[in-house]
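A short worksheet on the structure shown next.
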Amino acid sequence: WDMLTVSLSGRYDAFEAGGRTIDKPTYSVGLEFRPLETLLFRGEYGTAFRAPTLSDLYQGVSGFYTFVVDYYGCSQLGIAPEDATDLCPAALSNRQVFGTQSGSLDLEPINADVWSVGTVWAPLDRLSLTLDYHNWDIRDEVTQQSANGLTLQEYRCRTGLDDINSPLCVNTLSQITRNVNGAITEIFTPKINVSRQQLEAFTFGVNYGIDIGSFGDLSFRGNYTQKISHEYQQYEGDDLIDLLNDPTWSTDPKR
């Protein structure tokens with residue numbers, strides 16, 4: 001159909017790292033509809049991925065000190081996790097421990113869904129105006145595992161809320177070291193795939209050309225971008241952080 005153009009593309013990438021293959025197939029679908037010679041509507045949807053960086057995979061072990069809530073220790077006193085910070089003794093609710101962190105060869109690719117819709121209008125032979133909406137949804141970004149999230153999972157495993165023999169619980173318990181008195185002394189928080197970002201933006205463009213005869217052509221281009229939203233979530237269940245409007249976090253230009 002002369003008025004409609006459909007574009008399909010596919011790609012497969014594979015990386016060898018740490019004795020395993022990190023791979024992902026991706027694709028995109030594009031549509032262009034031109035009801036008039038001077039008017040075009042367009043849209044595109046695609047998937048994307050990025051393999052973990054070398055430092056994410058191979059970063060060596062480094063140490064630090066941090067404070068955690070011993071949710072399991074508090075539960076032994078009859079205090080629920082949601083009350084641990086306020087009601088549990090400081091020795092448990094604000095326990096200083098030695099932590100270690102490192103990269104991880106178990107990291108998966110960072111994934112994204114990207115789509116856009118827009119229009120192009122060319123009222124004159126050498127003049128065109130474009131307006132597009134863009135949406136990015138990025139998942140499984142790499143971040144260091146939460147120490148408090150780990151101790152909360154330990155509580156769930158030790159109290160029977162989760163199967164203590166499950167791979168999740170076995171790994172969790174192996175990352176927390178307690179002394180002979182049962183107090184947490186060390187915790188291991190490697191890098192994991194959990195973070196997420198969502199971004200929306202409008203873009204507007206103007207293109208204009210002038211024929212100056214034997215001297216050639218003059219081309220003028222102008223572009224404007226307006227970000228609508230940019231939200232970040234470090235761990236599942238966390239509140240979304242507004243990277244555009246939160247003064248304690250904002251780093252993005254809006255336009």
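Residues take their numbers from the sequence shown, with the count starting at 1.
- Checked against side-chain hydrogen bond (donor to acceptor under 3.5 Å, both in side chains), Gln144 has the following partners two or more places apart in sequence or in another chain: Gln101, Thr189.
- A salt bridge does not link Asp211 to Arg126: none of the charged nitrogens lies less than 4.0 Å from a carboxylate oxygen.
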Side chains of residues 89-96: which donor-acceptor partners sit under 3.5 Å, not counting sequence neighbours?
from: Ser93; atom 1: OG; to: Cys88; atom 2: O; distance (Å): 3.3
from: Ser93; atom 1: OG; to: Pro89; atom 2: O; distance (Å): 3.2
from: Arg95; atom 1: NE; to: Ile184; atom 2: O; distance (Å): 2.9
from: Arg95; atom 1: NH2; to: Ile184; atom 2: O; distance (Å): 3.2

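- Within the 4.5 Å cutoff, the side chain of Ser104 has no heavy atoms near those of the Gln59 side chain.
- Ring planes of Phe33 and Phe41: parallel class, angle under 30° (limits at 30 and 60°).
- Side-chain contact annotation: Gln153 with Thr172, donor-acceptor N/O pair under 3.5 Å absent.
- The shortest distance between side-chain heavy atoms of Tyr155 and Leu161 falls below 4.5 Å.
- Salt bridge Arg20/Asp106: absent, no basic N to carboxylate O contact under 4.0 Å.
- Taking CG from Asp242 and CD from Glu231, the interatomic distance works out to 6.0 Å, rounded to the nearest 0.5 Å.
- Nearest heavy-atom pair across Ala51 and Ile22 is CB-CG2, 4.4 Å.
- Between Asp140 and Phe49 the shortest side-chain heavy-atom distance does not fall below 4.5 Å.
- Each of Leu150 and Tyr72 belongs to its own hydrophobic cluster when Ile, Leu, Val, Met, Phe, Trp and Tyr are linked at side-chain heavy-atom distances under 4.5 angstrom.
- If you run side-chain contact (heavy atoms from CB on, under 4.5 Å) between Thr119 and each of Thr130, Leu129, Leu131, only Leu131 comes through.
- Separating the CG atom in Asp83 from the OG atom in Ser75 is a distance of 12.5 Å, to the nearest 0.5 Å.
- No side-chain heavy atom of Thr100 sits under 4.5 Å from any side-chain heavy atom of Glu186.
- Using a 4.0 Å cut-off between charged nitrogen and carboxylate oxygen, Asp56 and Arg50 do not count as a salt-bridge pair.
- For Trp136, the ring pair (Phe, Tyr, Trp, His ring centres under 6.0 Å) partners at least two apart in sequence or on another chain are His134.
- Using a 3.5 Å distance cut-off with no hydrogens or angles, the side chains of Glu154 and Tyr71 do not pair a donor with an acceptor.
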